[in-house]
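Here is the structure we will look at, set down as structure tokens.
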Amino acid sequence: MLTLIQDYWPHILTVVSILVAVPAAIHAAMTKDEVRAAIGWVGVIILSPIVGAMIYAIGGINRIRRQSLAVERAAHGHYRSSALGEAVADGLIGERFGRRFAALGRLGDSVTHHRMRTGNAIAMLDSGDRVYAAMIEAIAQAERSVILESYIFDRDPAGLRVADALIAAAARGVAVRVLIDAIGVRYSRPSILGHLRDGGVTTALFNGKIIEGLRLPYANLRTHRKIMVADGATAFLGGMNIRKDFTQEFAGPGHSRDTHFKVEGPVVADIFAVAAEDWNFATNEKLEGEAWAVARARSMAGGPLLARTVPSGPDSSLETSHKLLMGAFSVARQSIRIMSPYFLPDRELISALTTAARRGVEIDIVVPGTNNLMLVDRAMTAQFDQVLGPNCRIWRSGGAFDHSKLLTIDGAWSFIGSSNLDPRSLRLNFEIDLEVVDAGFAAEVEARIDAEKARAAEVTRASLKARAFPIRVIDRALWLGSPYL
């Protein structure tokens, strides 16, 4: 047998290559919805025998097979029953904001599993000091339950302070569940899990068994959501992980910045449904019973703020945010304002933005001047020239790194939450955002963006071309790998 292999190894290798490449190429062609992705993967598979098929098996196949829609529907029957009367009537958005936003509302109804709800209150929290203090206060006041889901939850002074509040809640009989991404939990060593578990808090990892078993094909699919819900009545979500870098108390005046939101009202039931579904997916435990009952929403002071929960991820919610953003850019008439730490939109979103700019829409995009991910920063710099043009400007903010994800349309429609405008957030990660239709709230979000823009420098085509040619080549090479950064 050994002699046979030695004599015919080229023929054997060729046969094995064909046997591996053909099904892999067929799978890529049949499952990829985007022609460029399909062509790219088929090219990798064919041009790199065996190795290409292995790369595709690891990074190209979506292996999350959740019965998401069915689970959500079942969950909503329990979690959202008290909020069903608060769904927005079809004509309400049109009456207040015009037909184009009514059309955008119908798009949201069709691409998400959640209805627009009225009677909500949303408070903006723009520093880790404020966010963690508000979360700890909500945990301390909780009487029945707390569920917390985060991509990163560090074992540092800020993380331990939140963890101790959760431990104290569990000690007084509150049902506490903590879900952390299996990649994100490794940002600190030792992880926060041991401290929480020793304190009696029930914890789980999202895709934890997959990472521990080094089943790499699953490792690329992460929960990037940041959710906390206390007593089914008060929720927190946004872009902020739990770590000391975002606090002035522990990181000093040069601390990183982010924006998080405290939410009350009927939309909290939908936020809880997302976190409860993720917990069920990770542990097979359904959060049912009196402890997890959603509190009946009260009418909030300050007017009937309209909001919708927008979960997205590589399951039945694939590209939900992408579709909603495409719709939002298409209805814009006056302004689009974007703040994102990682701005790497695909060709469709770039076309939607540049088309809006040609219609006369004023577009301002604020990105960090100093980024925590150098490779992503250089890749997005290579793409700036595709976006810049009349009415479309990009700004590099000064000061410390800002991780905020904020977007407004025409001073009326806002999109806030955990999603970045990059391929990972739009297609690979599990994310949660809020669609908010309210002029007062949009003004608050725009004030936050404008404050960052006021200390920013404008990016111009001339400044991009002034960079040394080798640097531009390297940036462009990094941009080619942007879907996987």
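Worth saying up front: this structure is predicted, and the values here are computed from it rather than measured. Computation of the quantities below employed the complete heavy-atom set of this structure, encompassing side-chain atoms and omitting hydrogens, waters and symmetry-equivalent molecules.
Partner of Arg177 under the side-chain contact (heavy atoms from CB on, under 4.5 Å) criterion, out of Thr202, Val201, Leu148: Thr202 alone. When His255, Arg161, Lys244 are each tested for a side chain to side chain donor-acceptor pair (under 3.5 Å) with Glu249, only one passes: Arg161. Evaluated for a side-chain contact (heavy atoms from CB on, under 4.5 Å) with Leu205, the options Leu193, Thr223, Leu179 yield exactly one hit, Leu193. No option in Asp433, Ile271, Val268 other than Ile271 meets the side-chain contact (heavy atoms from CB on, under 4.5 Å) test with Leu237.
In summary, Lys465 and Asp385 do not engage in a salt bridge, as defined by a charged side-chain N under 4.0 Å from a carboxylate O. Salt bridge status for Asp258 with Arg243: absent, with no side-chain N to carboxylate O gap under 4.0 Å. Electrostatic pairing of Glu431 and Lys405 does not count as a salt bridge here, judged by no charged N lying under 4.0 Å from a carboxylate O. Ion pairing of Arg225 with Asp181 is absent here, as no side-chain N (NZ or NE/NH1/NH2) approaches a carboxylate O to less than 4.0 Å. Note on Arg448 versus Glu444: no salt bridge recorded, every NZ/NE/NH1/NH2 to OD/OE distance being 4.0 Å or above.
Take Phe415 and apply the ring pair (Phe, Tyr, Trp, His ring centres under 6.0 Å) test, not counting sequence neighbours, and it matches Trp413.
Between the CG atom of Leu421 and the NE2 atom of His322 there is a distance of 9.5 Å, given to the nearest 0.5 Å. Between the OG atom in Ser191 and the CG atom in Leu196 there is a gap of 8.5 Å [rounded to 0.5 Å]. Note that the CD1 atom of Ile122 and the CG atom of Leu434 stand 5.5 Å from one another [nearest 0.5 Å]. Here the CD atom belonging to Glu149 is positioned 4.0 Å from the CG atom belonging to Asp278, to the nearest 0.5 angstrom. From Phe153, atom CZ reaches atom CG of Asn241 across 11.0 Å, with rounding to the nearest 0.5 Å. Separation of atoms CG (Asp156) and OG1 (Thr247) is listed at 8.0 Å; rounding is to 0.5 Å.
Side-chain N or O atoms of Asp410 include one that pairs as donor or acceptor with a backbone N or O of Arg333 at under 3.5 Å. One N or O on the side chain of Gln383 and one on the backbone of Pro345 form a donor-acceptor pair closer than 3.5 Å. No side-chain donor-acceptor contact under 3.5 Å links Arg396 to the backbone of Ala456. Thr355 places no side-chain N or O within 3.5 Å of a backbone atom of Ala352 that could act as its donor or acceptor partner. In this structure, Arg337 contributes its side chain and Val445 its backbone to no donor-acceptor pair below 3.5 Å. Checked by atom type and distance alone, the side chain of Thr408 never pairs as donor or acceptor with a backbone atom of Ala442 at under 3.5 Å. At distances below 3.5 Å, not a single donor-acceptor pair connects side-chain atoms of Thr234 with backbone N or O atoms of Ala230. One N or O on the side chain of Thr112 and one on the backbone of Gly108 form a donor-acceptor pair closer than 3.5 Å. Not a single donor-acceptor pair under 3.5 Å links the side chain of Arg186 to the backbone N or O of Ile183. Side chain of Ser418 to main chain of Ile432: a donor-acceptor pair is present (N/O by atom type, distance under 3.5 Å, no hydrogens or angles).
Heavy atoms only, all atoms of each residue included: Lys226 and Met240 are closest at CG-O, 3.3 Å. The two atoms that bring Ala182 and Asn207 nearest to each other are CB-O, 3.7 Å, heavy atoms only. For the residue pair Ala25 and Ile45, the shortest heavy atom distance occurs at N-CD1, 3.8 Å. Nearest heavy atoms, Ala356 versus Ile336: CB-CD1, 4.1 Å. Nearest heavy-atom pair, Ser330 versus Arg359, reported as atom, atom and distance to 0.1 Å: O-NH2, 3.5 Å. Scanning all heavy atoms of the two residues, the minimum distance from Ala163 to His195 falls at CB-CD2, 3.8 Å.
Taking the six-membered ring where the residue is Trp, Phe384 and Phe343 present tilted rings, their angle falling between 30° and 60°. Between Tyr187 and Tyr151, the angle of the ring planes goes over 60°, which puts this pair in the perpendicular group of the 30/60° scheme.
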key: Met380 and Asn371: CA distance, side-chain angles, deciding distance, side-chain contact (heavy atoms from CB on, under 4.5 Å) verdict   = CA-CA 11 Å; Met380 70 182 189; Asn371 206 305; 3.6 Å; yes

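Residues Ile449 and Asp364 fail the side-chain proximity criterion, which asks for heavy atoms closer than 4.5 Å. In this structure the side chain of His224 reaches within 4.5 angstrom of the side chain of Ser425, judged on heavy atoms.
The aromatic ring centres of Phe206 and Phe281 sit less than 6.0 Å apart.
Arg155 and Ser188 form no side-chain donor-acceptor contact under 3.5 Å, judged by distance and modelled atom types alone.
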